[in-house]
2 protein chains.
Amino acid sequence: MHDLKSPQSQAKRRLLDAAEQLFAERGFEVVSVRDVTQLAKANVAAINYHFGTRDGLIAQVVARHLTPLNEERLARLETLERKWSGKVPPLEEVIDAFVRPLVGAVRKSDLSERLLCALLGRIFSLQGALLPSSIEDQARHSSDRFIRSLGKALPAVSPEELAWRTHFVIGAMIHMLVNQDLLHRMTNGVSGVPSMEVTLGRFIRFACAGLREGVEEECAVTKGPQATFDF
Amino acid sequence: MHDLKSPQSQAKRRLLDAAEQLFAERGFEVVSVRDVTQLAKANVAAINYHFGTRDGLIAQVVARHLTPLNEERLARLETLERKWSGKVPPLEEVIDAFVRPLVGAVRKSDLSERLLCALLGRIFSLQGALLPSSIEDQARHSSDRFIRSLGKALPAVSPEELAWRTHFVIGAMIHMLVNQDLLHRMTNGVSGVPSMEVTLGRFIRFACAGLREGVEEECAVTKGPQATFDF
DNA sequence: GTCTATAAAGTGATAGAC
DNA sequence: GTCTATCACTTTATAGAC
């Protein structure tokens with residue numbers, strides 16, 4: 001392991017930054033190690049020295065973003081369960097706990113909001129081969145926890161139906177993150193350029209409505225005005 | 001242009017079939033012309049002979065599937081407008097007209113349902129560079145028509161809000177099409193292996209609920225029991 | 001840690017024989 | 001129309017000098 005603050009391996013940080021930018025813009029599959037070293041003004045061999053292989057570089061980029069995000073998600077979910085001790089947290093708050101950490105991630109990152117969102121979206125849609133199994137276990141654990149919370153918030157929805165609805169929600173999220181500029185182009189600007197906060201609010205309302213479809217009696221106190229929300 | 005039924009260019013059909021299968025399984029970016037010719041048991045030069053370039057091959061694969069699909073979509077939309085002459089077609093039926101042509105596409109194709117869905121999903125998420133502008137115009141025309149119909153069905157939703165909700169719906173659809181087997185793995189089989197009909201029914205209900213979120217007064221007769229639908 | 005040089009394999013495309 | 005042979009690059013990765 002290398003200390004990212006030591007002067008010797010500023011190069012490593014530069015490589016990671018360059019890699020993140022290019023992966024966000026173009027996708028993991030089509031960015032070569034040469035693209036990365038060129039943008040980072042580093043030597044071709046630097047990638048292999050610091051990360052072993054190209055896949056090693058991808059794994060580090062993924063881990064650096066996905067691990068803190070999933071930790072934050074789980075922490076928020078636990079806070080939620082403590083707050084509603086005994087009772088079942090309402091749907092909106094569960095979804096909020098799942099997506100709001102994205103805002104914090106944007107603030108912490110050096111990348112622009114647009115690029116970081118694209119990177120995270122691409123990470124979420126990564127298929128098995130590219131991510132180390134430790135990360136995959138972690139992601140699965142997080143997703144299991146959330147699905148269980150959703151199931152409790154929506155007892156009237158069968159597990160099978162809930163699995164599909166959750167799948168739709170994840171798809172909508174990934175597309176929102178990766179293709180936000182596409183929407184702007186396709187609508188000739190009608191979509192506006194809203195802040196992350198506004199977009200997340202829209203997404204949460206959309207997702208909850210879809211998840212809740214056909215449910216007459218919600219589990220707990222979740223019906224009624226949602227004026228407690230700040231978006 | 002070549003006649004696909006002539007004996008001389010069975011090879012061309014074999015190449016298209018092989019290309020479709022590989023593009024569906026792995027994505028356009030990562031399939032080489034050699035992968036295609038190998039699977040089609042054809043010569044390397046055959047791709048360039050029949051399609052000019054690799055991009056030409058992709059364009060033909062895309063056009064062969066996207067053009068009839070968009071035509072069918074528009075035809076269904078027009079049928080709908082005739083049926084509701086003067087009045088505004090209800091949301092469910094507009095979304096149905098948008099996604100149901102997928103079922104017909106599956107029936108017509110030689111590919112398995114799973115592969116064809118993946119291919120179509122990948123086509124929908126293609127970014128500009130890879131598809132000829134004629135196809136892009138066609139896709140934009142179709143999508144404009146549908147957004148206008150959605151706007152009429154949901155007059156209470158602002159154009160900006162509607163643009164984002166539609167974006168979420170498209171994202172959910174793409175993810176459903178490309179990653180249906182991922183869901184099965186991730187849920188340890190809880191999601192089941194439903195037919196296309198069932199999945200589309202789920203999707204339509206989810207999408208309509210999301211699009212309709214917060215709308216109290218629908219435009220026309222669309223409120224009330226939806227028993228007229230066959231899914 | 002950083003560099004050059006190079007290996008070994010893969011890429012899209014084409015000329016020219018048949 | 002189909003094939004072989006080949007061009008001109010690009011890819012990841014590594015050995016070895018500094």
Side-chain angles (χ1 to χ4, degrees), chain A residues 1-23 25-63 122 126-132, chain B residues 1-23 25-63 122 126-132:
Chain A
M1 275 294 136
H2 301 264
D3 180 357
L4 288 173
K5 273 155 200 146
S6 77
Q8 298 97 328
S9 63
Q10 281 184 337
K12 186 173 182 181
R13 171 169 284 278
R14 280 209 320 280
L15 287 169
L16 279 172
D17 289 346
E20 285 173 5
Q21 182 186 325
L22 293 174
F23 289 152
E25 284 170 348
R26 309 180 199 168
F28 292 104
E29 303 89 341
V30 299
V31 173
S32 72
V33 296
R34 284 177 149 78
D35 294 333
V36 175
T37 52
Q38 203 171 331
L39 181 62
K41 294 188 213 298
N43 189 272
V44 224
I47 294 274
N48 300 94
Y49 176 76
H50 287 290
F51 306 99
T53 67
R54 181 180 179 279
D55 284 357
L57 167 64
I58 293 176
Q60 281 217 19
V61 169
V62 171
R122 300 203 127 107
L126 262 189
Q127 299 287 48
L130 281 178
L131 67 184
Chain B
M1 273 296 137
H2 300 265
D3 180 358
L4 287 172
K5 273 156 198 144
S6 78
Q8 296 97 326
S9 64
Q10 281 184 338
K12 187 173 181 183
R13 172 168 284 279
R14 281 210 319 280
L15 286 169
L16 279 172
D17 289 347
E20 285 174 5
Q21 181 185 327
L22 293 174
F23 289 151
E25 284 169 349
R26 308 180 199 167
F28 293 102
E29 303 89 343
V30 300
V31 174
S32 72
V33 295
R34 286 177 152 80
D35 293 335
V36 174
T37 51
Q38 203 170 333
L39 181 62
K41 293 189 213 303
N43 191 271
V44 222
I47 294 273
N48 301 94
Y49 177 77
H50 287 289
F51 306 100
T53 66
R54 180 180 181 277
D55 284 357
L57 168 64
I58 293 177
Q60 281 217 19
V61 168
V62 171
R122 299 202 129 108
L126 262 189
Q127 299 289 46
L130 280 178
L131 69 184

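As the structure is a computational prediction, the values presented were derived from the model and not from experiment. Residue numbering restarts at 1 for every chain, and letters A, B, ... go by the order of the sequence lines. Values reported hereafter were calculated over all heavy atoms of this structure, with side chains retained and with hydrogens, waters and symmetry mates removed.
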Applying side-chain contact (heavy atoms from CB on, under 4.5 Å), run through B:Leu130 and B:Asp55 and close with a yes or a no.
-> CA-CA 7 Å; B:Leu130 280 178; B:Asp55 284 357; 3.6 Å; yes
Using whole Å, what does the distance between atom [atom2] of nucleotide [N] and atom [atom1] of [X] come to?
X: A:Arg54; N: D:dT11; atom1: CZ; atom2: C1'; result: 10 Å
X: B:Phe51; N: C:dG12; atom1: CZ; atom2: P; result: 14 Å
X: B:His50; N: C:dA13; atom1: NE2; atom2: P; result: 15 Å
X: B:Glu29; N: D:dT11; atom1: CD; atom2: P; result: 16 Å
X: B:Arg13; N: D:dG1; atom1: CZ; atom2: P; result: 15 Å

Salt bridge (charged side-chain N to carboxylate O under 4.0 Å, His left out) contacts in which one or both residues fall within residues 33-50 of chain B, not counting sequence neighbours |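 Found B:Arg26-B:Asp35.
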Pairs: protein N or O with nucleotides 3-10 of chain C N or O, under 3.5 Å:
from  : atom 1 : to      : atom 2 : distance (Å)
C:dT4 : OP2    : A:Asn43 : ND2    : 3.1

side-chain contact (heavy atoms from CB on, under 4.5 Å) evaluation trace for A:Val30 with B:Val30 | CA-CA 8 Å; A:Val30 299; B:Val30 300; 6.0 Å; no
Residue met sooner reading DNA chain D from 5', once A:Asp35 and A:Asn48 are mapped to nucleotides =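 Upstream on the strand: A:Asp35.
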Report the nucleotide, chosen from D:dT2, C:dG1, C:dT14, that has the shortest atom-to-atom distance to any side-chain atom of A:Tyr49.
-> C:dG1
From B:Arg13 CZ over to B:Asp17 CG, what is the distance, rounded to the nearest 0.5 angstrom?
->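 The CZ atom of B:Arg13 sits 6.0 Å away from the CG atom of B:Asp17.
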Here the gap from A:Thr37 atom OG1 to A:His50 atom NE2, rounded to the nearest 0.5 Å, amounts to 11.5 Å
B:Gln21: side-chain hydrogen bond (donor to acceptor under 3.5 Å, both in side chains) partners, not counting sequence neighbours = none
